[in-house]
Visitor: 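Have a look at this one.
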Number of protein chains: 2
Amino acid sequence: MSLEMNMKNHGYAILRNNIENTINLKINDEEFHAICSKMSPKILKKNKLFIQEGQYSDEVHFITKGACYAFDVDDKGDKHTFQFSIEEHWIGDLYSFFSGNLGIYNAETIEDTNFLVIKRKDFEKLCDDYPIFDRFFRILIQNAFVALQYRLVKSQTESAADRYKAFLKKTPHLLQRIPQYLIASYLGIKPQSLSRIKKDVLK
Amino acid sequence: MSLEMNMKNHGYAILRNNIENTINLKINDEEFHAICSKMSPKILKKNKLFIQEGQYSDEVHFITKGACYAFDVDDKGDKHTFQFSIEEHWIGDLYSFFSGNLGIYNAETIEDTNFLVIKRKDFEKLCDDYPIFDRFFRILIQNAFVALQYRLVKSQTESAADRYKAFLKKTPHLLQRIPQYLIASYLGIKPQSLSRIKKDVLK
DNA sequence: GTATTTCGTTCACATAGGTTAAGAAAATCG
DNA sequence: CGATTTTCTTAACCTATGTGAACGAAATAC
């Protein structure tokens with residue numbers, strides 16, 4: 001199947017939007033083709049583990065449809081979710097991806113999910129050949145950094161109940177798509193505690 | 001004072017090292033002069049608040065000597081430290097810096113501190129004119145992102161005692177320079193709790 | 001160098017969230 | 001569709017950390 005054919009499906013247009021919205025600038029067709037030629041489609045069913053701790057993670061995933069979550073497993077075997085990602089967002093074990101070391105995180109689909117993935121080598125080549133992608137990934141990760149820092153601060157300053165209310169307010173659409181026990185895990189509490197909190201919030 | 005004079009003092013050489021180590025590449029003199037011409041020295045005594053919540057924060061600081069910390073103040077007036085920065089590191093309210101909105105964080109010196117600061121406008125101009133700085137800031141913030149994500153995960157999976165031990169192991173040099181109550185705040189606990197933990201760790 | 005403020009420690013008590021267990025509700029499977 | 005598994009809720013009890021207060025030690029100011 002030709003690249004042209006490929007681009008009709010698989011959500012390459014969504015990718016172009018994501019890039020242009022992020023850098024607040026149109027990219028030209030050469031640049032667009034350059035990145036498309038390096039990103040391959042991947043389709044996974046619900047509940048598939050696609051990033052695994054202890055394995056090299058040399059690609060990052062752009063979601064064109066579906067939902068997934070990234071998590072860490074602690075010594076007791078408990079999962080701790082630190083990211084939800086849906087269409088038009090990126091997900092990966094960036095520690096492994098950028099450092100080249102063995103991965104430390106896991107990620108799994110929550111729904112049937114379509115991705116476009118890029119390998120580290122291709123990512124680096126792309127940035128070398130087209131500075132616009134250094135720009136794009138700089139801004140992408142700047143935004144991610146700012147959001148993450150905000151979460152870290154709030155996880156230290158707010159009660160679990162307040163974090164839950166903030167989650168409801170900020171991402172109500174995720175409530176429909178994500179099981180409660182993962183939301184609890186994302187908030188840093190146990191499912192039983194989230195149940196308790198929800199009961200209190202109603203009062 | 002000429003730029004040449006300026007560069008002899010104020011730690012511009014430290015900045016060049018920081019850039020070259022980060023991108024793993026030498027920059028040429030033109031590029032170096034370009035960034036130097038946009039970064040101004042700033043010198044502050046100990047215990048000076050230099051970033052303030054509610055004010056626009058349109059510059060980021062590179063530390064050439066000294067130490068500072070960034071913090072949030074919660075509804076009860078309690079400070080929550082989320083970053084320590086010493087020489088050869090950057091500090092700023094990146095939320096305000098990148099978004100142009102009013103700042104949400106604070107930062108204060110812990111020691112007499114020397115900075116080089118760059119304004120957002122100059123930062124943007126620099127990245128437009130020299131793609132190498134898109135590259136530099138991309139990698140700088142990539143590294144910061146990965147470290148921050150690790151901290152977020154650990155803050156959810158580890159006990160305060162384990163976080164303290166990890167802090168000791170990873171940054172023993174900070175123990176000498178930073179008061180205990182700030183370390184407690186960084187670990188997400190109260191000074192009294194850190195005292196208790198230290199006593200237990202000895203056993 | 002003394003006075004004053006800030007910092008670190010200890011303790012007794014309070015509380016948010018964890019733990020364990022059980023049952024109800026919902027989703028998935030055959 | 002009914003059977004099975006997974007998810008959500010409730011409740012009783014437990015534990016890590018917070019709270020408030022007191023005191024000595026250290027740092028800072030005068």
Side-chain angles (χ1 to χ4, degrees), chain A residues 45-49 67 69 71-81 84 108-112 153-168 174-203, chain B residues 44-49 67 69 71-81 84 108-112 154-168 174-203:
Chain A
K45 288 279 175 202
K46 189 174 176 169
N47 297 328
K48 296 293 172 206
L49 189 69
Y69 71 107
F71 61 99
D72 177 65
V73 180
D74 70 20
D75 302 337
K76 291 193 292 187
D78 290 344
K79 288 182 180 184
H80 298 267
T81 302
F84 293 123
E108 193 171 316
T109 53
I110 297 174
E111 306 170 352
D112 294 355
V153 168
K154 292 305 178 189
S155 79
Q156 285 196 6
T157 57
E158 287 186 339
S159 67
D162 287 343
R163 277 177 276 142
Y164 176 63
K165 285 181 215 156
F167 182 86
L168 283 190
L174 291 185
L175 264 199
Q176 275 51 312
R177 298 173 70 173
I178 296 175
Q180 213 114 86
Y181 69 95
L182 285 183
I183 294 175
S185 160
Y186 179 84
L187 295 173
I189 57 178
K190 299 286 160 183
Q192 298 93 315
S193 298
L194 182 52
S195 274
R196 174 161 44 194
I197 283 167
K198 283 174 64 183
K199 205 167 45 163
D200 294 349
V201 165
L202 290 179
K203 284 179 194 160
Chain B
L44 290 178
K45 289 278 175 202
K46 188 174 177 169
N47 297 328
K48 296 293 171 206
L49 189 69
Y69 71 108
F71 61 100
D72 178 64
V73 179
D74 70 20
D75 303 337
K76 291 193 291 186
D78 290 344
K79 289 183 180 185
H80 298 267
T81 301
F84 294 123
E108 193 171 315
T109 53
I110 297 174
E111 307 169 352
D112 295 355
K154 292 305 177 188
S155 80
Q156 285 196 5
T157 56
E158 287 185 340
S159 67
D162 287 342
R163 276 177 276 144
Y164 176 62
K165 285 180 215 158
F167 182 86
L168 283 190
L174 291 186
L175 264 199
Q176 274 52 309
R177 298 173 70 174
I178 296 177
Q180 213 112 84
Y181 70 94
L182 285 183
I183 294 176
S185 160
Y186 179 83
L187 296 173
I189 58 179
K190 299 287 158 181
Q192 297 95 315
S193 297
L194 182 52
S195 273
R196 173 161 44 195
I197 284 167
K198 284 173 65 182
K199 205 167 46 164
D200 294 349
V201 165
L202 290 180
K203 284 181 195 159

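Naming convention: chains lettered A, B, ... in sequence-line order (proteins, then strands); numbering from 1 in each chain.
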Visitor: Looking only at non-hydrogen atoms, find the nearest pair between A:Ile110 and A:Arg177 and report the distance.
Guide: CG2-O, 3.5 Å

Visitor: What string of B, S and - do you get for nucleotides 6-16 of chain D, 5' to 3', if B is base contact, S is sugar-phosphate-only contact and - is no contact with any protein heavy atom under 4.0 Å?
Guide: -SSBBS-----

Visitor: Counting heavy atoms from C-beta on, name the nucleotide in D:dT19, C:dT19, D:dT28 closest to the side chain of B:Lys76.
Guide: D:dT19

Visitor: For the pair made of CD in A:Gln156 and P in C:dG17, what is the distance, rounded to whole Å?
Guide: 14 Å

Visitor: How many whole angstroms separate atom CG of A:Asp78 from atom C1' of C:dG17?
Guide: 14 Å

Visitor: Do B:Ile197 and B:Ile189 have side-chain heavy atoms sitting under 4.5 Å apart?
Guide: yes

Visitor: So does A:Thr81 get a backbone contact from the side chain of A:Ser185, meaning a donor-acceptor N/O pair under 3.5 Å?
Guide: yes

Visitor: Rounded to the nearest angstrom, tell me the gap between atom NZ in A:Lys190 and atom C1' in C:dG17.
Guide: 10 Å

Visitor: Check whether any side-chain heavy atom of B:Leu175 lies under 4.5 Å from a side-chain heavy atom of B:Ile183, and answer yes or no.
Guide: yes

Visitor: Do the two ring centres, one from B:Tyr186 and one from B:Tyr69, sit under 6.0 Å apart?
Guide: no

Visitor: Is any side-chain heavy atom of B:Asp162 closer than 4.5 Å to a side-chain heavy atom of B:Lys154?
Guide: no

Visitor: Can you check the B:Ile189 CD1 to D:dT19 C1' distance for me, whole Å?
Guide: 14 Å

